[in-house]
Peer 1: 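Below you'll find the structure I mean.
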Number of protein chains: 2
Amino acid sequence: MILSFAEMTTQASETPNKDIPEEINGLRMTRQRQEVYRFLMGERIHPTANEVFMGIKKALPNVSLATVYNCLEALVQHKIIRQVNFDREPSRYCPNLDEHGHFHDETTGTIHDVKFKPGINLTDLLDLPPNTVIKDIEITLRGQLA
Amino acid sequence: MILSFAEMTTQASETPNKDIPEEINGLRMTRQRQEVYRFLMGERIHPTANEVFMGIKKALPNVSLATVYNCLEALVQHKIIRQVNFDREPSRYCPNLDEHGHFHDETTGTIHDVKFKPGINLTDLLDLPPNTVIKDIEITLRGQLA
DNA sequence: TTTGTAGCAAGAACTATTCTAAATATCATC
DNA sequence: GATGATATTTAGAATAGTTCTTGCTACAAA
């Protein structure tokens with residue numbers, strides 16, 4: 001089968017991804033956004049933008065890295081995924097929206113989600129200035145699985 | 001007074017900074033490292049490498065940005081200062097070595113140290129995999145001072 | 001002094017990310 | 001459907017923080 005140029009560069013409506021809705025949190029899920037999101041959901045590896053790019057190329061051979069960045073940014077802004085940063089390493093992306101931290105295993109380079117024990121309210125443990133409105137908390141651990 | 005090139009580019013021993021020792025944690029404190037460290041101690045603003053660079057130019061007109069990066073890296077590796085990252089913004093540097101978090105005030109762009117309430121052991125609150133050795137914890141808060 | 005190692009300066013190089021411009025797709029309305 | 005307005009994608013250029021390279025200078029040990 002030979003695809004026309006129009007078919008190859010199609011967006012959302014053709015070749016739909018049945019298991020991903022056409023809209024999430026008010027964001028229209030184009031074909032590219034679907035593939036990016038699907039890849040993140042499937043992998044538990046907190047991939048970088050470039051890893052997403054390479055991972056979805058099989059499904060979307062004409063996708064560009066800029067589009068991957070665009071998609072990731074859109075998904076983050078609509079609170080569909082989270083962006084995670086370790087030091088100055090490339091950003092990683094995470095489909096787990098529960099409040100959680102990240103443990104960076106130095107020996108393998110892998111990243112694991114870390115849940116908080118039940119009933120813990122983090123801001124209770126911190127000596128915050130009065131009248132502080134916290135919008136986001138990020139907890140990062142670095143170490144080794146001995 | 002006219003300085004020879006050799007005098008202008010001198011390192012640690014000339015024009016000593018009396019209040020900073022010649023060695024900290026096994027790191028020889030050259031003139032450049034002293035000025036970088038002094039600047040960090042004086043400012044409470046968690047400066048970036050570039051801000052340090054501009055801040056020490058008066059004392060060290062010939063210093064280069066690469067040297068500032070080298071100094072900061074050396075100080076970090078010898079656990080004399082801490083490197084702090086917010087998202088993908090430029091790294092900031094912090095002379096406070098106590099275990100603490102950072103609150104990023106979105107309205108002013110300023111960064112405040114956040115102490116933990118006494119008796120809190122952070123790892124107790126996290127659901128870590130068994131046999132985990134934690135080497136470093138980073139807590140970042142983002143929000144506003146209402 | 002000589003010799004080896006560490007540190008510095010200047011600028012080039014690197015890399016993750018963002019921007020720009022043009023093409024294409026989608027949506028709303030006819 | 002067709003048409004015009006808006007959104008999205010693409011490719012490549014541009015940006016910015018940081019690191020690397022090279023040549024030189026300083027310091028330490030013998």
Side-chain angles (χ1 to χ4, degrees), chain A residues 3-16 22-23 26-37 47-54 56-57 59-78 83-93, chain B residues 3-16 22-24 26-37 46-54 56-57 59-78 83-93:
Chain A
L3 295 175
S4 72
F5 184 71
E7 284 170 321
M8 289 199 300
T9 61
T10 189
Q11 284 182 24
S13 63
E14 287 188 62
T15 335
E22 296 197 354
E23 186 175 313
L27 181 70
R28 182 157 61 89
M29 291 300 279
T30 64
R31 182 79 207 286
Q32 286 83 350
R33 289 173 186 157
Q34 286 179 354
E35 291 298 342
V36 167
Y37 186 50
T48 64
N50 198 54
E51 286 165 350
V52 173
F53 175 54
M54 296 190 298
I56 67 174
K57 261 190 174 162
L60 229 48
N62 292 87
V63 78
S64 78
L65 181 56
T67 297
V68 172
Y69 274 104
N70 286 342
C71 291
L72 289 168
E73 189 189 4
L75 291 167
V76 167
Q77 283 184 342
H78 286 76
Q83 181 172 5
V84 182
N85 297 295
F86 297 96
D87 301 338
R88 300 234 94 229
E89 292 173 23
S91 288
R92 296 176 174 277
Y93 298 86
Chain B
L3 295 176
S4 72
F5 185 71
E7 282 171 323
M8 289 197 301
T9 60
T10 189
Q11 284 182 23
S13 63
E14 285 188 62
T15 335
E22 296 197 353
E23 186 175 313
I24 303 180
L27 180 70
R28 184 156 61 90
M29 291 300 281
T30 64
R31 182 78 207 285
Q32 286 82 350
R33 288 173 186 158
Q34 287 179 352
E35 292 298 342
V36 167
Y37 186 50
H46 299 80
T48 64
N50 198 55
E51 286 165 351
V52 174
F53 176 54
M54 295 189 301
I56 67 173
K57 262 189 173 164
L60 229 47
N62 291 86
V63 77
S64 77
L65 181 56
T67 296
V68 171
Y69 274 105
N70 286 341
C71 292
L72 289 169
E73 188 189 6
L75 293 166
V76 167
Q77 285 184 341
H78 286 76
Q83 181 172 5
V84 182
N85 297 295
F86 297 97
D87 302 336
R88 300 234 95 230
E89 293 173 24
S91 288
R92 296 176 173 277
Y93 298 87

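All chains are named by letter (A, B, ...) in the order of the sequence lines, taking the proteins before the strands, and each is independently numbered beginning at 1.
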Peer 1: Output the single nucleotide from C/dA9, C/dG7, D/dT8 whose closest atom is nearest the side chain of B/Asn62.
Peer 2: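 Looking only at side-chain atoms, B/Asn62 lies closest to C/dA9.
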
Peer 1: Provide a list of protein-nucleic acid N or O atom pairs under 3.5 angstrom, restricted to nucleotides 18-22 of chain D.
Peer 2:
unit_1 : atom_1 : unit_2  : atom_2 : d
D/dT18 : OP1    : A/Arg88 : NE     : 3.3
D/dT18 : OP1    : B/Ser91 : N      : 2.8
D/dT18 : OP1    : B/Ser91 : OG     : 3.2
D/dT18 : OP2    : B/Tyr69 : OH     : 2.5
D/dT18 : O5'    : B/Tyr69 : OH     : 3.3

Peer 1: Rounding to an integer number of Å, can you tell me how far A/Glu35 CD sits from D/dT8 C1'?
Peer 2: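 Going from CD in A/Glu35 over to C1' in D/dT8 covers 16 Å.
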
Peer 1: Identify the heavy atoms of A/Asp87 and B/Asn85 that sit nearest to each other, and give their distance.
Peer 2: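 Where A/Asp87 meets B/Asn85 most closely, the heavy atoms are CA-ND2, 3.2 Å.
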
Peer 1: What are the two closest heavy atoms between B/Ala59 and B/Arg31, and how far apart are they?
Peer 2: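 In terms of heavy atoms, the two residues are closest at O-NH2, 3.7 Å.
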
Peer 1: According to a strict under-4.0 Å criterion, is A/Thr67 in side-chain N/O contact with OP1 or OP2 of D/dT10?
Peer 2: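 Checking A/Thr67 against D/dT10: at least one side-chain N or O falls below 4.0 Å of OP1 or OP2.
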
Peer 1: What residues, two or more places apart in sequence or in another chain, satisfy side chain to side chain donor-acceptor pair (under 3.5 Å) together with A/Glu51?
Peer 2: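 So A/Glu51 forms no side chain to side chain donor-acceptor pair (under 3.5 Å) with any residue.
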
Peer 1: Have a look at the helix from C/dT1-D/dA30 to C/dC30-D/dG1 and give the angle its two end axes make, five pairs each, rounded to 10 degrees.
Peer 2: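 That helix gives 30° between its end axes.
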
Peer 1: Considering residues at least two apart in sequence or located in another chain, which fulfil the side chain to side chain contact (heavy atoms under 4.5 Å, CB included) criterion with B/Ala66?
Peer 2: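 Applying side chain to side chain contact (heavy atoms under 4.5 Å, CB included) to B/Ala66 gives B/Ser64.
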
Peer 1: I need the CZ-P distance between B/Phe86 and D/dA16, as an integer number of Å.
Peer 2: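 Atom-to-atom, B/Phe86 to D/dA16, this comes out as 21 Å.
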
Peer 1: With a 4.0 Å cutoff (strictly under), does any side-chain N or O of B/Thr30 reach OP1 or OP2 of C/dC8?
Peer 2: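 B/Thr30 to C/dC8 OP1/OP2: side-chain N or O found under 4.0 Å.
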
Peer 1: Taking only residues two or more places apart in sequence or in another chain, which ones pass side chain to side chain contact (heavy atoms under 4.5 Å, CB included) with A/Asn70?
Peer 2: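 With sequence neighbours excluded, A/Asn70 shows a side chain to side chain contact (heavy atoms under 4.5 Å, CB included) to no residue whatsoever.
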
Peer 1: Report yes if a side-chain nitrogen or oxygen of A/Gln32 is closer than 4.0 Å to either non-bridging phosphate oxygen (OP1 or OP2) of C/dA25; otherwise report no.
Peer 2: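 For A/Gln32, the contact criterion (side-chain N or O under 4.0 Å from OP1 or OP2 of C/dA25) is not met.
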
Peer 1: Rounded to whole Å, please give me the gap between CG in B/Leu60 and C1' in D/dA26.
Peer 2: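 Rounded to the whole Å, the gap is 15 Å.
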
Peer 1: To the nearest angstrom, how far is B/Gln34 atom CD from D/dA26 atom C1'?
Peer 2: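 The answer, rounded to whole Å, is 15 Å.
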
Peer 1: Atom OH in B/Tyr69, atom CG in B/Asn50: separation rounded to 0.5 Å?
Peer 2: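 The distance works out to 7.0 Å.
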
Peer 1: Specify the closest pair of heavy atoms between B/Ser91 and A/Arg88, including all atoms of both residues, with the distance to one decimal.
Peer 2: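 Here B/Ser91 and A/Arg88 meet closest at OG-CD, 3.3 Å.
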
Peer 1: Less than 4.5 Å apart, side chain to side chain, heavy atoms only: is that true for A/Val36 and A/Gln32?
Peer 2: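 The answer is no; the side chains never approach within 4.5 Å.
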
Peer 1: Can you check the B/Arg31 CZ to D/dC27 P distance for me, whole Å?
Peer 2: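 Taking atom P of D/dC27 as the reference, CZ of B/Arg31 is at 12 Å.
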
Peer 1: Could you tell me the separation between the CG atom of B/Leu75 and the CD atom of B/Gln83, rounded to the nearest 0.5 Å?
Peer 2: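 Between B/Leu75 CG and B/Gln83 CD, I get 11.5 Å after rounding to 0.5 Å.
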
Peer 1: Can you name the closest pair of heavy atoms from A/Val63 and A/Phe53 and give their distance?
Peer 2: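 The pair with the smallest heavy-atom distance is O-CE1, 3.3 Å.
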
Peer 1: Pairs under 3.5 angstrom, nitrogen or oxygen only, protein versus nucleotides 4-6 of chain D, please.
Peer 2:
none

Peer 1: Calculate the interatomic distance between A/Leu27 atom CG and C/dT26 atom P; express it in whole Å.
Peer 2: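 In whole Å, C/dT26 P and A/Leu27 CG are 15 Å from each other.
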
Peer 1: Indicate the atoms forming the closest heavy-atom contact of A/Glu35 with A/Leu60, along with that distance.
Peer 2: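 Reported closest heavy-atom pair: CG-CD2, 3.8 Å.
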
Peer 1: Using whole Å, what does the distance between atom P of nucleotide D/dA16 and atom CD of B/Glu51 come to?
Peer 2: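 For the pair B/Glu51 CD and D/dA16 P, the rounded distance is 16 Å.
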
Peer 1: For C/dG7, does OP1 or OP2 lie under 4.0 Å from any side-chain N or O of B/Arg33?
Peer 2: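 Checking C/dG7 against B/Arg33, a side-chain N or O does come within under 4.0 Å of OP1 or OP2.
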
Peer 1: Expressed as a whole number of angstroms, how long is the span from A/Ile56:CD1 to D/dT9:C1'?
Peer 2: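 About 12 Å, once rounded to whole Å.
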
Peer 1: Identify the two heavy atoms, one from B/Arg33 and one from B/Cys71, that lie closest to each other, and give their separation to 0.1 Å.
Peer 2: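 Heavy atoms only, the tightest pair is CG-SG, 3.6 Å.
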
